[in-house]
Protein chains: 2
Amino acid sequence: MANTARSGQRRAATLNDVARLAGVSIATASKAVNGRAEVAESTRQRVMAAATEIGFTPNALAQSLIAGRTGTVGLLTSDLEGRFVLPILMGAEDAFGSGQISVFLCDARGDRIRENYHLKALLNRRVDGIIVVGRSTDPRPSLGHDLPVPVVYAYAPSDDPTDRSLTPDNVVGGRLSVEHVLSFGRRRIAHITGDIGYAAAIDRAAGFREGLAAAGVPPVAEPMFGSWTEGWGRDAAAVLLDRHPDIDGFVCGSDQIARGVLETLRDYGRSVPEDVSVIGYDNWEVLAVNSRPELTSIDCTLQELGRRAAQRIFEAIDGGPLEGGTEYVAPKIVMRGSTVASR
Amino acid sequence: MANTARSGQRRAATLNDVARLAGVSIATASKAVNGRAEVAESTRQRVMAAATEIGFTPNALAQSLIAGRTGTVGLLTSDLEGRFVLPILMGAEDAFGSGQISVFLCDARGDRIRENYHLKALLNRRVDGIIVVGRSTDPRPSLGHDLPVPVVYAYAPSDDPTDRSLTPDNVVGGRLSVEHVLSFGRRRIAHITGDIGYAAAIDRAAGFREGLAAAGVPPVAEPMFGSWTEGWGRDAAAVLLDRHPDIDGFVCGSDQIARGVLETLRDYGRSVPEDVSVIGYDNWEVLAVNSRPELTSIDCTLQELGRRAAQRIFEAIDGGPLEGGTEYVAPKIVMRGSTVASR
DNA sequence: TTACTTCTCGAAAGGCCTTTCGAAAACTTT
DNA sequence: AAAGTTTTCGAAAGGCCTTTCGAGAAGTAA
């Protein structure tokens with residue numbers, strides 16, 4: 001109705017407009033709108049009516065200018081495609097959501113230049129904090145300590161131990177998965193995992209070894225490093241089965257690998273979970289739930305990680321000091337048909 | 001170094017600080033920093049040095065207050081998990097990136113209340129435009145025309161035809177896929193797709209029918225609607241093969257379904273692509289690239305869709321009128337081993 | 001040297017909101 | 001009715017930056 005120009009181009013109403021319409025001063029309008037006490041009830045109602053009529057929304061810019069904080073947080077990710085970023089982002093949104101904080105999302109695409117560019121943009125916009133999300137659990141370069149806002153590193157920890165980082169605990173995850181398989185009485189357990197260049201592969205394998213050692217069970221073979229793909233899972237499983245036909249458990253470094261393993265097992269006529277137990281990693285629903293049988297997997301609880309990262313930022317914004325150090329987020333196991341007989 | 005408080009808590013420098021340090025007036029500092037002509041070169045250098053020294057970044061808030069625009073766009077999605085949102089987001093970031101625009105990301109989780117809440121937050125923050133991203137191609141309720149900023153609907157079009165919407169062209173996609181299969185001489189082609197409650201399923205099926213009709217080839221059976229899962233693909237393929245053993249082509253409504261179909265075909269001892277052609281939909285890389293054989297699929301070019309959505313917003317911000325209407329984005333085919341013999 | 005042009009810079013306003021502080025109005029008490 | 005309280009409201013400043021306009025400095029011409 002009050003549209004002057006083309007649809008959707010109405011100028012945003014200011015407090016001034018409201019005050020004029022309600023016949024009060026700007027100050028009074030402000031107080032009325034913000035529900036402060038020093039305004040008569042009748043006046044308040046008049047102001048509110050005016051505000052509603054012209055669709056007034058307070059200009060957060062001006063508010064921030066005064067308050068010195070924007071209620072805004074930057075999320076600097078290095079790859080949007082990655083499925084890791086998403087749950088983290090959701091967790092962060094979760095934690096922030098109730099606190100009226102909005103998230104600026106920037107994708108640096110793994111490019112230092114672009115990252116710097118975005119960082120600058122975030123600082124210009126006076127975000128109250130920054131969460132840096134990496135695409136692997138390998139440490140990444142720190143943004144440094146000269147920033148006027150608190151920074152938290154999520155998923156990929158900072159290479160500077162005095163930064164605050166949160167990362168999944170892959171060692172515990174690896175251990176968890178082998179313990180689960182052991183609990184079914186399996187004793188001939190193999191580990192197939194991804195690229196040895198990834199800390200995730202190394203750490204999970206370490207957990208795997210640890211778990212076996214703790215149970216006093218010798219490994220069937222050395223952990224097999226390859227790539228994070230179904231194809232590698234298929235091939236590696238075939239090699240292992242040919243060499244060690246008595247294998248009764250596969251601990252996999254990712255769900256993709258696990259799916260490959262499942263396929264090979266079917267080709268070899270082994271029943272899962274009756275003859276062999278298989279466990280994946282990441283709990284990537286599309287893969288885990290759609291396989292036959294469904295895939296037991298380790299969930300990194302990334303959403304929790306995101307939530308905690310947001311909390312750290314929160315605390316730091318509220319004046320608390322942001323202590324350095326890396327926080328390891330515990331994974332959990334999600335049981336499905338590839339280890340537990342269904343129904 | 002200039003840290004007064006704890007690390008990362010240094011107050012952001014203002015133009016005032018710069019001016020004082022450089023021994024010039026605020027106005028001069030501003031001009032120097034912004035590279036305007038009315039400042040002597042020597043003065044400029046002095047100012048720049050000062051700015052660098054104290055790490056000055058202009059306060060975008062104050063700038064926006066003056067300019068009347070924030071260089072900020074809201075992205076209101078209804079579900080972050082969805083893999084649709086992501087490419088769109090990337091496309092939008094792409095288009096915006098060069099233009100110094102930052103994206104506010106809000107996830108309404110398919111909840112009207114939350115959506116409204118976020119919408120309000122975006123308006124408070126004075127975003128210059130809003131992109132609303134849905135999680136299916138079914139029309140969604142319009143936000144209305146009373147907003148002071150341009151709005152574009154992506155993926156899920158608005159139910160109000162006077163809004164500007166961009167959505168994938170599923171009819172063309174369906175047609176494209178059947179034409180591709182036909183091009184290999186297949187004449188006994190079936191269609192297995194997802195939930196009939198989705199416009200995507202209906203539209204793709206329509207395209208499928210169209211394509212067959214245009215080629216004068218009768219369908220083997222009515223399109224089978226079910227769910228967007230591998231399980232459904234497996235089951236439906238089995239049913240169809242039992243009933244029509246001569247089927248030589250499967251056009252699937254999603255990659256997940258296609259993977260199920262592939263599995264059943266393997267169980268039935270049919271070779272893909274030699275005996276039967278299979279084509280998926282969505283070109284979801286994890287699924288398409290990791291299957292055996294790799295899956296030919298229809299790509300909705302969502303990134304392109306996001307890019308265009310951003311462009312529309314751009315145009316509208318720059319004063320151009322934002323015309324209503326739905327823009328259909330053409331899909332493209334990505335050929336892989338499930339239709340084309342590899343190597 | 002005087003008159004005039006060209007640079008170079010600074011004071012101040014403007015954009016929108018909140019908050020403080022003082023003034024005016026409405027009541028109460030004596 | 002006068003004096004004192006309480007309530008209600010408004011003027012103005014502040015937060016940070018840009019921009020305009022005018023003043024002063026420097027330089028040129030007569």
Side-chain angles (χ1 to χ4, degrees), chain A residues 10-48 50-51 54-72 100 120-121 123-128 148, chain B residues 10-48 50-51 54-72 100 120-121 123-128 148:
Chain A
R10 181 180 57 183
R11 181 180 69 90
T14 78
L15 190 58
N16 214 328
D17 302 333
V18 177
R20 196 146 14 110
L21 183 58
V24 300
S25 80
I26 299 187
T28 306
S30 170
K31 288 176 204 155
V33 167
N34 293 318
R36 306 198 32 134
E38 316 95 315
V39 167
E41 187 51 35
S42 63
T43 310
R44 154 161 307 125
Q45 290 187 352
R46 205 146 32 92
V47 172
M48 290 310 250
I54 60 177
F56 168 77
T57 31
N59 187 329
L61 265 51
Q63 289 180 322
S64 309
L65 203 53
I66 299 162
R69 45 151 100 181
T70 53
T72 281
Q100 322 254 27
K120 203 154 214 171
L123 292 179
N124 282 350
R125 300 227 144 80
R126 292 299 188 266
V127 292
D128 294 331
Chain B
R10 181 181 57 183
R11 181 180 70 88
T14 77
L15 191 58
N16 214 327
D17 301 334
V18 177
R20 195 145 15 109
L21 183 58
V24 299
S25 79
I26 300 187
T28 305
S30 169
K31 287 175 204 155
V33 168
N34 293 314
R36 307 198 30 136
E38 313 94 317
V39 168
E41 188 50 36
S42 64
T43 311
R44 152 161 309 124
Q45 290 186 354
R46 202 147 34 92
V47 173
M48 290 309 250
I54 59 178
F56 168 77
T57 33
N59 188 329
L61 265 50
Q63 289 182 320
S64 308
L65 205 51
I66 299 162
R69 45 151 100 184
T70 54
T72 279
Q100 322 254 25
K120 204 155 212 166
L123 292 179
N124 282 351
R125 300 225 144 81
R126 293 296 186 269
V127 292
D128 293 333

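A note on names: the letters A, B, ... follow the listed sequences, proteins ahead of strands, and every chain is numbered from 1. Atoms considered below: every heavy atom in the structure, side chains included; atoms not considered: hydrogens, waters and symmetry mates.
Between D:dT18 and B:Gln63, a contact under 4.0 Å exists linking OP1 or OP2 to a side-chain N or O. Between A:Asn34 and C:dT18 there is a side-chain polar atom (N or O) within less than 4.0 angstrom of OP1 or OP2. The side chain of A:Ser30 contributes no N or O atom lying less than 4.0 Å from OP1 or OP2 of C:dC17.
Distance, A:Leu61 CG to D:dT18 P: 14 Å, rounded to whole Å. As rounded to whole Å, 12 Å separates atom P of D:dT18 from atom CG of A:Leu65. A straight line from CZ of B:Arg36 to P of C:dG10 spans 16 Å, rounded to a whole angstrom. One interatomic measurement links the two molecules: CZ of A:Arg126 to C1' of D:dC17, which rounds to 11 Å at whole-angstrom precision. At whole-Å resolution of the value, CZ in B:Arg69 and C1' in C:dG15 are 16 Å apart. B:Asn124 places its CG atom 10 Å from the P atom of C:dC17, with the value rounded to the nearest Å. With rounding to whole Å, A:Ile66 atom CD1 is found 13 Å from D:dA12 atom C1'. Here D:dG15 presents its C1' atom at 13 Å from CG of A:Asn59, a figure rounded to the nearest Å.
Although no hydrogens or angles enter the test, the distance criterion places no donor-acceptor pair under 3.5 Å between the side chain of A:Arg36 and the main chain of A:Thr28. Of the possible donor and acceptor atoms, one in the side chain of B:Arg46 sits under 3.5 Å from a partner among the backbone N and O of B:Ala22.
Between A:Arg126 and B:Thr57, the closest side-chain pair of non-hydrogen atoms falls below 4.5 Å. With contacts defined as side-chain heavy-atom distances shorter than 4.5 Å, the pair B:Thr14/B:Asn59 does not qualify.
With sequence neighbours left out, A:Ser64 forms a side-chain contact (heavy atoms from CB on, under 4.5 Å) with A:Thr70, B:Leu61.
Taking CE of B:Met48 as the reference point, atom OG1 of B:Thr43 lies at 12.5 Å (rounded to 0.5 Å). A:Gln100 CD to A:Thr72 OG1: the interatomic distance, rounded to the nearest 0.5 Å, is 11.5 Å.
Comparing D:dC17, C:dC16, D:dT18 against the side chain of A:Ala62 picks out C:dC16 as the nearest. Taking every side-chain heavy atom of A:Leu15 into account, C:dC17 is the closest of C:dC17, D:dC17, D:dT19.
The residue B:Arg44 sits apart from the nucleic acid: no heavy atom pair falls under 4.0 Å.
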Please list, pair by pair, any protein nitrogen or oxygen found under 3.5 Å from a nitrogen or oxygen in nucleotides 7-11 of chain D.
unit_1: D:dC9; atom_1: OP1; unit_2: A:Thr43; atom_2: OG1; d: 2.6
unit_1: D:dC9; atom_1: OP2; unit_2: A:Ala40; atom_2: N; d: 3.0
unit_1: D:dC9; atom_1: OP2; unit_2: A:Thr43; atom_2: OG1; d: 3.4
unit_1: D:dG10; atom_1: OP2; unit_2: A:Ser25; atom_2: N; d: 2.7
unit_1: D:dG10; atom_1: OP2; unit_2: A:Ser25; atom_2: OG; d: 2.9
unit_1: D:dG10; atom_1: OP2; unit_2: A:Thr28; atom_2: OG1; d: 2.7
unit_1: D:dG10; atom_1: O6; unit_2: A:Lys31; atom_2: NZ; d: 2.8

